[in-house]
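Here it is, the structure in full.
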Number of protein chains: 2
Amino acid sequence: MQSQPITTSKAKAPVTSAQMAANRSDVKRRAIVEAATRLFLEKGYPGTSMDEIAAAAEVSKVTVYKQFHDKDQLFSDIILGITERAEAIADGLQIRFEQIEDLELDLISIAVSYATGVVSPDVVRLRRLVIAEAVHFPQLAATYFAQAPQRGLAAVAKGLSSLVARDLLAIDGLDIAAMQFAYLVLGPLIDQALFLPTTEITSGQIEQHATTGVKSFLRMYTRGQQGLLPTEMPGGSTSPKSPVGGEVAKSW
Amino acid sequence: MQSQPITTSKAKAPVTSAQMAANRSDVKRRAIVEAATRLFLEKGYPGTSMDEIAAAAEVSKVTVYKQFHDKDQLFSDIILGITERAEAIADGLQIRFEQIEDLELDLISIAVSYATGVVSPDVVRLRRLVIAEAVHFPQLAATYFAQAPQRGLAAVAKGLSSLVARDLLAIDGLDIAAMQFAYLVLGPLIDQALFLPTTEITSGQIEQHATTGVKSFLRMYTRGQQGLLPTEMPGGSTSPKSPVGGEVAKSW
DNA sequence: AGAAAGAACTGTACAGTACAGTTTACGATA
DNA sequence: TATCGTAAACTGTACTGTACAGTTCTTTCT
């Protein structure tokens, strides 16, 4: 993910004068944003210097300061820029709820996608970064919180409401139910990702949390219990009782 | 962390000058630790200077460096020192599970205590601090993670097992159930506390999350209506170890 | 004499600026 | 169409001022 700039080299045919005018500065600005994004996510806010950013963007420091008033503003702009992209994901989530056919299977699949997105390295780094700077940039953190995690929750709530409308679920508190869905599936995974940056989360872990989370969720919100779908009943007493000893922290 | 002179002074009458000296150092050391703890929690690791710490402890900088080799070590010692105190809290939790009489009411009360402890300002600051420095101090973060949040989960698991033994709950996956209990109650509260440092969490919010969380939890694990238990992940047999990431990541 | 204070010092890193010279875009002119 | 002029944008380097980790030295305390 390094020298892969957008380079959409503005090639040829009809280029409006407005585009031309914006061109030179814009190219530089994009290079700065790209370099700064990578560096901030990698090394944090205080760990990244303006000299480094200028060098990585192959741009002079003065150019950086011409585009961004100071380091704080550059940082804010970048975080907010990344945050905006979260909306697409949230919307995508919601749509998938509406296309559900097999309730349990499709919910698990949605949960897997959701979790996979949220624990992906860049998203986790962003989250860590925002949390780290939440005291210094409270407004920024609040915006991120509202537009990324909370927006995801809102999408889940809407998605669930469509399932309620189709009579597949019986939910009285949509927002609470959405939180429960999200935290049952994502909670442990996010914490692990935040605290153990060197430990990679496997797709097996994601699938496990998605599966148990969704099954538990369905237990809470399907009314007839197994009214609609073959509620997976793996033969008999599959899992052995987990050790009650002191070492709970073994598998995850 | 173990640079502490043992010197368990048991005799009181004959006080050697060596003991005097040791006591004096200890007093200074404690002052340093206390000041540094406050400052690190308040202003973060890079935001706190050694000069500040020395001044706040009313001690010379040289004394700080005599007790702690460098800033990193001071930081680690302090985080680990605070972390140790979490054990007591976890143990207290476990005991309360064993004393439960009214299942729902007492569980809610436990959940309220649990959440109140976890979202208390200092605990949240500590969590934010460890997350912020997780990349720089991976070993430290791993230790904190194992000894604070994970230890809490272990205590919940043990507490739940006592309820199972008393036939009040039907749980087959204790660890999973403990996570569900914890994240149902704490998840949204912790995130809010992490991202919105200026917004205070009210006891009303805590009570609400504790109540809905516990009720949902009980719906999943009381064998009143549906005697089924959550299944332990059937499909994960092969458990593909492939790390997750890549395509979905880019868009956040 | 061992421990601490206190202040000065070293060396480095960094945010932000100043400046002198160079490149780029683009319209005007030949 | 080719050439030139100009202003804005850019570069590289050097500089200012500050902050900070860690050290050294002299003096003071107990």
Side-chain angles (χ1 to χ4, degrees), chain A residues 5 9-12 14-36 39-40 42-78 133 136-137, chain B residues 3-5 7 9 14-36 39-40 42-78 133 136-137:
Chain A
S9 41
K10 240 0 67 162
K12 28 218 70 217
V15 178
T16 76
S17 61
Q19 277 174 326
M20 287 294 269
N23 235 349
R24 196 139 78 102
S25 295
D26 268 15
V27 169
K28 303 280 180 184
R29 190 188 176 95
R30 264 193 291 272
I32 294 165
V33 167
E34 197 176 324
L39 288 171
F40 279 140
E42 226 167 67
K43 314 174 58 170
Y45 177 73
T48 302
S49 75
M50 295 298 263
D51 290 278
E52 251 178 315
I53 292 171
E58 291 179 297
V59 144
S60 86
K61 219 168 141 185
V62 177
T63 304
V64 176
Y65 278 97
K66 182 154 279 180
Q67 296 278 355
F68 302 92
H69 175 259
D70 58 13
K71 195 184 176 185
D72 281 19
Q73 196 222 309
L74 172 58
F75 182 69
S76 294
D77 278 17
I78 282 179
E133 302 303 324
H136 260 273
F137 297 88
Chain B
S3 41
Q4 192 97 253
T7 62
S9 58
V15 178
T16 72
S17 62
Q19 278 174 330
M20 296 270 295
N23 284 343
R24 204 145 62 114
S25 292
D26 270 16
V27 169
K28 302 279 181 183
R29 188 189 177 94
R30 265 191 290 273
I32 294 165
V33 167
E34 198 175 321
L39 288 170
F40 279 140
E42 226 168 67
K43 315 174 57 169
Y45 177 73
T48 302
S49 75
M50 294 298 264
D51 290 276
E52 251 177 315
I53 292 171
E58 292 180 297
V59 143
S60 84
K61 221 168 138 187
V62 181
T63 305
V64 177
Y65 277 98
K66 185 156 278 178
Q67 297 275 358
F68 302 93
H69 175 261
D70 59 13
K71 195 184 176 186
D72 280 19
Q73 197 222 310
L74 171 59
F75 182 68
S76 295
D77 278 18
I78 282 179
E133 302 303 324
H136 222 281
F137 296 88

Starting from C1' on C:dT10, measure out to OH on B:Tyr65 and report it in whole angstrom. 13 Å
Rounding to the nearest 10°, end axes of the helix from C:dA1-D:dT30 to C:dA30-D:dT1 built from five pairs each make an angle of 10°
The salt bridge (charged side-chain N to carboxylate O under 4.0 Å, His left out) partners of A:Asp51 (sequence neighbours excluded) come to A:Lys61
Distance, rounded to the nearest Å, where A:Gln67 contributes CD and D:dC10 contributes C1': 11 Å
Quick check: do A:Val33 and A:Ile78 have side-chain heavy atoms less than 4.5 Å from each other? yes
Which residues within residues 51-63 of chain A lie with some heavy atom under 4.0 Å of an atom in DNA chain C? A:Lys61, A:Val62
Do B:Glu133 and B:Pro46 have side chains that approach each other closer than 4.5 Å (heavy atoms only, starting at C-beta)? yes
Heavy-atom check, side chain of A:Ile53 versus side chain of A:Val59, under 4.5 Å: no
Quick one: which of C:dC14, D:dG22, C:dA5 gets closest to the side chain of B:Lys28? C:dA5
Can you tell me how far apart CD (B:Gln67) and CG (B:Leu74) are? Round to the nearest 0.5 Å. 10.5 Å
Taken to the nearest whole Å, NZ/A:Lys71 to P/C:dA15 is 4 Å
Please state how far atom NZ in B:Lys43 lies from atom C1' in D:dA19, giving the value in whole angstrom units. 12 Å
B:Met50 atom CE is separated from D:dT23 atom P, nearest whole Å, by 10 Å
For B:Phe68 and D:dG22, what is the distance between atoms CZ and P respectively, to the nearest whole Å? 13 Å
Classify the ring geometry between B:Phe137 and B:Tyr45 as parallel (under 30°), tilted (30 to 60°) or perpendicular (over 60°). perpendicular
NZ or CZ of A:Lys71 within 45° of A:Tyr65 ring axis and under 6.0 Å: no
Any side-chain to backbone donor/acceptor pair from A:Glu52 onto A:Thr48? Under 3.5 Å, distance only. no
Closest nucleotide of DNA chain C for B:Lys66 versus for A:Asp72: which of these residues is on the 5' side? B:Lys66
Separation of A:Leu74 atom CG from C:dG16 atom P, in whole Å? 10 Å
Side chain of A:Ser25 (C-beta onward), nearest among D:dA21, D:dC10, C:dA5: D:dC10
When rounded to the nearest 0.5 Å, the distance separating CZ of A:Arg29 from CD of A:Glu34 is 14.0 Å
